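A quick note: this is a predicted structure, and the numbers were derived from the prediction, not measured. In each ligand, atom 1 is the first atom listed, and ligand 1 is the first ligand listed.
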Amino acid sequence: MARMRTQVGIVGAGPAGLLLSHLLHLHGIESIVIEARSRDYVEQRVRAGVLEQGTVDLLVGSGAGERLKREALIRDSIELRFGGRRHPLNLRELSGGRAYTIYAQQEIVKDLIGVRLAAGGSILFDATGVSVHDFDTAAPRIRFRRDGAEMELQCDFIGGCDGFHGVCRPSIPAGALTVFERVYPFGWLGTLVEAETPEQETVYAWHERGFGFFNRRSPTLTRHFLQVAPDEDLANWPDARIWDELRVRLATDDGWQVTEGPVLNRNITEMRSFVVEPMRHGRLYLAGDAAHIVPPTGAKGLNLAVADVRVLARALGDYYATGRTELLDSYSATCLRRIWRVEHFSWWMTSMLHRFPGDDAFQQRLQRAQLDYVVSSRAAATTLAENYVGLPYDD
Ligand SMILES: Cc1cc2nc3c(=O)[nH]c(=O)nc-3n(C[C@H](O)[C@H](O)[C@H](O)COP(=O)(O)OP(=O)(O)OC[C@H]3O[C@@H](n4cnc5c(N)ncnc54)[C@H](O)[C@@H]3O)c2cc1C
């Protein structure tokens, strides 16, 4: 077995693992990232695209945002659409000057891989059989296979950044974690389309037939989402049906037209709220989707992953600089304060905008009353705005 050593072993080269490795490097701390998929796969995985101001500030401030500064779209407004009418909300004005940014997750992943490799960082792609060991001692280990060879990485700490379906969280002994979970009775059918959508705003539509959404990802790309059954088969959704359904759910009295184009990518996402407490066991620290999931309606998952890693990098930085463990000890509690706020916002947006099976006319009237309130009360609109652009970090 080939043995290696580093200070922090990181499982997962998604946004959380890569950013953790990058921030640790800025603190002078060595890390090695172990990833199950190929570099090409993680660089092409289409997912999030809406960034909070704090996420952008952190990426740019840490030197990983050069391309983001050039190519990202900065947006001031979103639009709520219901009853055939458009209701723009100017978030910048409502939130005291903060905006949100459109820049695709796979571009962030490419940028972070670029800065890590340029700095001599180590990312081991295509690792199989990854497992984590002895994290309740001072000498944790990560084992895996690569190119047919058995490998072991010895480290001081493990960053469990391997997403919802990873190995780190399930390796923590049963009973050590408390799980909070809600699975929603619908999913999102998402498409990435080559189309020059004229609208600048991100559009969220409530409709009797279910939720609809689109935003312009770049001058030539548009992302659409439609609420569908959680077990929906993609084969039931040829392009023509997707365009028809978008036309119905996003229709406006002033004759909005969907901008069609070639569908480059399509997938179905399940909708779930999930949190484990605490986010640490011994020297294994969970961050990002490994510890929590939000339904994508609030556009928060990637932003939360970034917020966790920011706290963890600072805590590890303090430990290596001073030997103190206070920030590591408070890591979970610090992150969970923000996580639960964001869990609430994401659940609230989801509940307001989706059809739930068995919803009757009473429930629909309540949703419409809530939407009317959000677009007519400055106080209600401000609540949405300050959560959407991202609340300030409170640590
Ligand atoms: C359709 C969709 C739309 C979304 N929209 C938004 C949005 O607009 N804004 C937003 O903020 N968030 C959004 N999200 C959520 C966001 O994509 C996730 O929260 C984000 O990817 C979390 O990053 P992460 O690094 O924690 O996990 P991941 O991105 O899941 O990365 C985990 C990594 O670990 C690797 N891995 C898994 N298992 C192992 C293993 N055993 N060994 C080694 N490596 C392993 C995986 O291959 C992956 O590379 C969306 C998600 C979806 C699905």
Residues Glu245 and Arg249 bridged, charged N to O under 4.0 Å: yes

Counting from 1, what ligand 1 atoms have a heavy atom of Arg37 closer than 4.0 Å? 47 (O)

Could you tell me whether the side chains of Ser21 and Arg116 share a donor-acceptor contact shorter than 3.5 Å? yes

Proximal atoms of ligand 1 relative to Gly288 (non-hydrogen, under 4.0 Å): 26 (O)

Of Arg341, Glu52, Lys300, the residue whose pairing with Asn387 passes side-chain hydrogen bond (donor to acceptor under 3.5 Å, both in side chains): Arg341

Atoms of ligand 1 close to Arg223 [distance to a heavy atom under 4.0 angstrom, numbered from 1]: 1 (C)

Heavy-atom nearest neighbour in the protein, as seen from atom 28 (P) of ligand 1, with distance rounded to 0.1 Å: Arg47 NH1, 3.5 Å

Going by the order shown, which atoms of ligand 1 are within less than 4.0 Å of some heavy atom of Val42? 49 (O)

Has Arg45 got any heavy atom lying under 4.0 angstrom from an atom of ligand 1? yes

Taking only heavy atoms of Val11 into account, list the atoms of ligand 1 that are under 4.0 Å away from them. 42 (N), 43 (C)

Under 4.0 Å from a heavy atom of Gly14: give me the atoms of ligand 1 that qualify, with their elements. 25 (O), 31 (O), 33 (C), 49 (O)

Looking only at distance, does Gly301 have an N or O less than 3.5 Å from an N or O of ligand 1? yes

Within 4.0 Å of some non-hydrogen atom of Cys161, the atoms of ligand 1 are 32 (C), 33 (C), 34 (O)

Nearest-0.5 Å distance that lies between atom CD in Gln364 and atom CG in Asp359: 6.5 Å

Is ligand 1 under 4.0 Å from a heavy atom in the side chain of Gln105, in the backbone, in both, or in neither? side chain

Residue, atom name and distance, where the atom is the protein heavy atom closest to atom 10 (C) of ligand 1: Leu302 N, 3.2 Å

Atoms in ligand 1 with a heavy atom of Gly166 nearer than 4.0 Å: 38 (N)

Specify side chain, backbone, both or neither for Ile34, according to which of its non-hydrogen atoms lie closer than 4.0 Å to ligand 1. backbone

Using non-hydrogen atoms of the residue, decide whether Ala127 is closer than 4.0 angstrom to ligand 1. no

Strictly under 4.0 Å, does any heavy atom of His292 approach an atom of ligand 1? no

Shortest protein contact, atom 35 (C) of ligand 1 (heavy atom only): Glu35 OE1, 3.2 Å

Check Thr269 against ligand 1 and report side chain, backbone, both or neither, counting heavy atoms closer than 4.0 Å. side chain

Please report whether ligand 1 has a polar contact with Ala290, defined as an N or O pair separated by less than 3.5 Å (distance criterion only). no

Any heavy atom of Gly190 closer to ligand 1 than 4.0 angstrom? no

